[in-house]
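What follows is a short report on a single structure.
Within every chain, numbering begins at 1; the chains are lettered A, B, ... in the order of the sequence lines, protein sequences first and strands thereafter. Quantities reported herein were computed from a predicted structural model and do not represent experimental measurements.
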Amino acid sequence: MSASQLSNSKVSQTKNTKFQSIKGFYDILPEDSPLWQKLEDTARRVLNQYGYRNIRIPIVESTELFVRSVGEHTDIVEKEMYAWTDSLNGDSLTLRPEGTAGCVRAVVESNLTYNGPVRLWYMGPMFRHENVQKGRQRQFHQIGVEAFGYRTPDVDAEQIVLLARLWRELGIEDVELQINSIGDAVERTQYRQTLIDYFEQHTDVLDEDAMRRLQTNPLRILDSKNPKMQAICEAAPKLMDSLGNETRMHFEGVCVLLKDAGVAYKVNPRLVRGLDYYNRTVFEWVTTKLGAQGTIAGGGRYDSLVERLGGDATPACGFGIGLERVFLLMQEYGIVANETPDVYLVNVGELAEKKAFDMAETMRNAGLSVVLHAGGGSFKSQMKKADKSNARYAAILGDDEAALGEVSLKPLLEVGEQVKCKVSDVFSIIKR
RNA sequence: GUGGCCGUAGCUCAGCUGGUAGAGCCCUGGAUUGUGAUUCCAGUUGUCGUGGGUUCGAGCCCCAUCGGUCACCCCA
C-alpha cells in the first residue's frame, strides 16, 4: 500500500485541515486528570488491601481468543471488535474489547496457578466499536479484577465487598447491588430450552425484538421494557427453580456473607450478563444518576473459561469496573481533586532570575513540590500565576532576597503573615 | 446499525421575518516604585463545523457531509 493510499482521503482533500480525535476516542485533559488519578490511586490502595496483585497484559490479542471466550454470538464479537489482519504475516488480531480473556490467556501461558490460587487485577483501555453516548466511548477504561483457583463463595463475596469499600472510599453513595445466579452451563442450557418452549407458546404476545432474542438470547426477553409483555415475563419459569442443589447452596453462601458484611443487595432474577463465559454468581453495581448507562461495575463467576482456553480446569471469578462511569459519578457527587504545589516561585530582578532556577532545585531536594515561574513578566502577573497555580505558598525572590539566599513566603490559600526566611528553612516552615 | 436535538471567540452562550459579527467569563495592561484571588478602567479575541446551492446579499433558507450529544440495541 502506498503512502498516498494510506493517508485519509477525507483529510488530504483539504489542505491544513486540523486533525481531530477519532469518534469515540477522547483526550483526558489536565483539568480532569487529577480526579482520574484519585480514582485510580484509591482503587490501587483498596485492591492492595485485599491482596490482589497487579498484572499488565497487552492491548492486542489474537482475534480467536475473544471469539472463544466472549462468545461467537455476542454483540461484542459479532459487530463491535476492532479486528484486522496483520499485513506482515496474516494473523488476525483484535484490540481487546474486555480484559478477562487476555488475563486468562496470561494465567494459562505462564501457569500462574501452579503454586495455588491467585488474585489479580489490571487497568487500562478497552475498545468496542459502538455508538457513543453518555458513559460509553469506543475507547474506554476498565479496572479488571480476577481470582483464579477459588471454588468457594467467599471469593465471590469478597469481590463484591471490595467494590462496596471502593465506593465508600471514593465518596460515592446510592449505588445498588444486584445479584443473581445463572447456574452452571448444563442448568442454563436446560433453562434456556424451558424458556424457549414457554415463549413459543405465547408468540402472539412477543414483539419483534423478543422474536429475535428467542433465537439469540432468550434470557434477555425477560428484561424487556415493553409493557405489553410484562405479564408474560412475570409468569415465565424462573431460572432459580431450575438450579441444582450445589448451585443454590453456592448462591446462598454468597448472600450470607454479604449479609454478614452489611452489604445490601437485591436479587434480580432477570440479571443475565452479555458475555458467554459467566456461570453461577453474576452481579452488577448500578446507579440511576448516569442516564441509560447505569452499570458502573459488573462481573461474576466463570468456572469453565480457563479450561476452555487451554488451561487445567480452574474455577474463577472476576469483574470489571467502568472507569468513565465511575468518574462521571464522582463528578456528579461533586468530588474534586486539585493539584496543589507547595510553592510557586516568583522571581523578579536580574540577580533573582539568575538564582531562581537553582533555588527551586534546592527546595525540591528538600521534598517540596515547586513550580518555578518561567518566562519573566511583571511582579503582578507572576503573583497572578502563583494564585492560579493553586500553590499553598508564593515564594518571592527579589534581588533583596537573592543577595541573602532568602525568600519571602506568602500563604495564598489562607490568610497569614508573610515571612522572610533562608531557603534551607522553607521546608520546615511549610510542612510544620 | 437506527432515531431526536445541537455545531457562532479558548469556555458558556445571544444574534429578530436574510442587510458588514455580539455579551459574560478567561487572557493582557493600568489604578504613583515588590504583593494574588474582590473592585474600577482600557485592550485582544472569529474562515459563524466543512462543502455546495438559492439570493443583489446567508450565521440565519435548502442539500450534502463531518462532528458533538442523548436515546434504542448492548454493555463497564
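No donor-acceptor contact under 3.5 angstrom links the side chains of A:T100 and A:Y302, judged on distance only.
Contacts of A:Q293 with the nucleic acid, taken as non-hydrogen atoms under 4.0 Å apart, include base atoms. At a threshold of 4.0 angstrom between heavy atoms, the contacts of A:A297 are confined to the sugar-phosphate backbone, with no base atom among them. Using a 4.0 Å heavy-atom criterion, one finds that A:L412 contacts the bases of the nucleic acid, with or without backbone contacts as well. Counting any heavy atom pair closer than 4.0 Å across all strands shown, A:G135 reaches a base atom.
Taking a pair as Watson-Crick or G-U wobble with both distances under 3.5 Å, the runs of three or more consecutive pairs in RNA chain B are B:1-7 with B:66-72, B:10-13 with B:22-25, B:27-31 with B:39-43, B:49-53 with B:61-65.
Nearest to the side-chain atoms of A:D75 among the listed nucleotides B:A76, B:G68, B:C74 stands B:C74. Set against B:A76, B:C70, B:C72, the side chain of A:R128 has B:A76 as its closest nucleotide.
Annotation: of the two residues near RNA chain B, A:F25 and A:Q137, the 5′-most nearest-nucleotide partner is A:F25.
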Would you give a per-nucleotide map of nucleotides 28-35 of chain B, 5' to 3', where B means the base has a protein non-hydrogen atom under 4.0 Å away, S means only the sugar-phosphate does, and - means neither? SS----BB

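Taking OG of A:S33 as the reference point, atom CD of A:E40 lies at 7.5 Å (rounded to 0.5 Å). Within the model, atoms CG of A:L162 and CH2 of A:W121 stand 11.5 Å from one another, a figure rounded to the nearest 0.5 Å.
Rounded to whole Å, the distance from CZ on A:R325 to P on B:C70 is 12 Å. Rounded to a whole Å, the CG atom of A:L271 is 10 Å from the P atom of B:A76.
The main-chain N or O of A:C317 is found under 3.5 Å from a side-chain atom of A:Q159 such that the two form a donor-acceptor pair.
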Please write out the pairs of protein N or O atoms and N or O atoms of nucleotides 2-8 of chain B separated by less than 3.5 Å, giving the distance to one decimal.
unit_1: B:U2; atom_1: O4; unit_2: A:N131; atom_2: ND2; d: 2.4

